[in-house]
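Numbering of ligands and ligand atoms starts at 1, following listing order.
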Amino acid sequence: MTPTPRPPSLLARPEPAPVGSAKPAVLEVVGLTAGYGDLAAVRDVSLAVGRGEIVALFGANGAGKTTTLLATVGAIDRMAGEVRWHGRATTQKVHQLARAGLAFVPDERSIISGLSVLDNLRIGRGAVGAALELFPELQPLLGVNAGLLSGGQQQMLTLGRALAGLPDALVVDELSLGLAPLVVERLLQVLRTAADERGVGVLLVEQQAHRALTVADRWYLLANGRMAAEGGGGEAGLGALRTAFAATIDRVRT
Ligand SMILES: Nc1ncnc2c1ncn2[C@@H]1O[C@H](COP(=O)(O)OP(=O)(O)O)[C@@H](O)[C@H]1O
Ligand SMILES: [Mg+2]
């Protein structure tokens with residue numbers, strides 16, 4: 001993708017100096033093995049997310065998507081392999097990486113019910129106004145207890161708060177679980193805009209592959225804890241994903 005001109009925005013900030021290539025990887029995982037106790041749930045997983053790129057991670061239930069994300073953002077320990085942040089190997093944990101600009105949105109929505117929408121936005125890393133610029137829908141809800149929001153509104157709050165912190169990369173698990181199609185499309189479009197206008201690198205787990213691939217640049221497919229295939233976005237990418245996914249199922253059956 002060619003760099004797009006950036007319109008002035010509350011979200012704007014100075015561009016970092018270009019690092020060698022046109023689209024350097026902001027986040028890389030190399031040979032990752034991780035799991036629970038002594039048991040590896042994912043083995044030898046490698047992936048990369050470039051600046052301004054949306055990368056989807058697909059796989060059946062239990063394939064290892066969440067484990068991969070958790071180990072990537074430093075929320076669980078790695079058994080082997082490396083995570084590179086802006087090209088440098090890092091052993092930082094999730095909170096340190098968050099301060100360094102790696103935002104993580106886990107599959108359980110991390111809003112605090114009992115606090116208002118405004119207070120939930122205030123505990124984020126970014127300006128409340130920046131979150132509202134992304135999701136003006138939240139403006140009339142600022143005084144509302146966040147626990148009373150719909151699932152879609154809660155996810156807007158979570159994503160708005162994460163992106164308002166001006167992360168260089170955003171890792172999102174189960175973006176749209178249980179949400180209505182229109183909301184999912186809205187969330188995906190906001191991710192695309194953040195990638196295009198701010199150069200945010202997005203790593204996304206999303207069940208609805210056909211929707212994810214309307215905005216994703218590339219995808220990876222996990223099967224049984226290993227990287228099984230990768231491909232590009234759009235209709236062609238969706239076709240390739242279907243073929244690759246069918247192949248992993250056949251492999252399990254035979
Ligand atoms: N907290 C946990 N303790 C033990 N095993 C787990 C835990 N979480 C996930 N697993 C196992 O790790 C494997 C991968 O799970 P997960 O990464 O959650 O897959 P996905 O997100 O693709 O559905 C599965 O076999 C799952 O049962
Ligand atoms: Mg999961």
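Among all heavy-atom pairs drawn from Ala229 and Ala244, the shortest one is CB-CB, 3.6 Å. Heavy-atom minimum distance, Leu138 versus Leu157: CD1-CA, 3.8 Å.
Close contacts between ligand 1 and Asn61 involve ligand atoms 23 (O) [criterion: under 4.0 Å to a heavy atom]. With ligand atoms numbered from 1 in the order given, ligand 1 contributes 22 (O) to contacts under 4.0 Å with heavy atoms of Ala60. Applying the 4.0 Å criterion to heavy atoms of Thr67 picks out, from ligand 1, the atoms 14 (C), 15 (O), 16 (P), 17 (O). Set against the non-hydrogen atoms of Lys65, the atoms of ligand 1 under 4.0 Å away are 17 (O), 19 (O), 20 (P), 21 (O), 22 (O), 23 (O).
Atom 10 (N) of ligand 1 is approached by the protein to below 4.0 angstrom, counting heavy atoms only. At a distance under 4.0 Å, a protein heavy atom can be found next to atom 13 (C) of ligand 1.
Here the heavy atom of the protein found nearest to atom 25 (O) of ligand 1 is Gly62 O, 4.1 Å. Atom 5 (N) of ligand 1 has Tyr36 CD1, 3.4 Å as its closest protein atom, hydrogens excluded (heavy atom only). Shortest contact from atom 19 (O) of ligand 1 to any protein heavy atom: Gly64 N, 3.1 Å.
The side chain to side chain donor-acceptor pair (under 3.5 Å) test with Asp168 singles out one residue from His86, Arg198, Arg51, and that residue is His86. The one candidate from Leu121, Asp119, Leu115 that meets the side-chain contact (heavy atoms from CB on, under 4.5 Å) condition with Val117 is Leu121. Of the candidates Val202, Val26, Leu203, Asp217, Glu53 forms a side-chain contact (heavy atoms from CB on, under 4.5 Å) with just one, namely Asp217.
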Exercise. Test Tyr36 against Thr67 for side-chain hydrogen bond (donor to acceptor under 3.5 Å, both in side chains), laying out the working first.
Key: CA-CA 9 Å; Tyr36 308 92; Thr67 306; 2.7 Å; yes

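A salt bridge is defined here as a Lys NZ or Arg NE, NH1 or NH2 lying under 4.0 Å from an Asp or Glu carboxylate O, and Lys93 with Asp77 meets this definition.
Of the candidates Leu70, Asp173, Leu39, Thr66, the one placing a heavy atom closest to atom 21 (O) of ligand 1 is Thr66.
Using a 4.5 Å cut-off on side-chain heavy atoms (C-beta onward), Arg78 and Thr91 make contact.
The nearest N, O or S atom of Thr67 is not closer to the Mg ion (ligand 2) than 2.8 Å.
Considering backbone and side-chain N/O atoms, Ala63 comes within less than 3.5 Å of an N/O atom of ligand 1.
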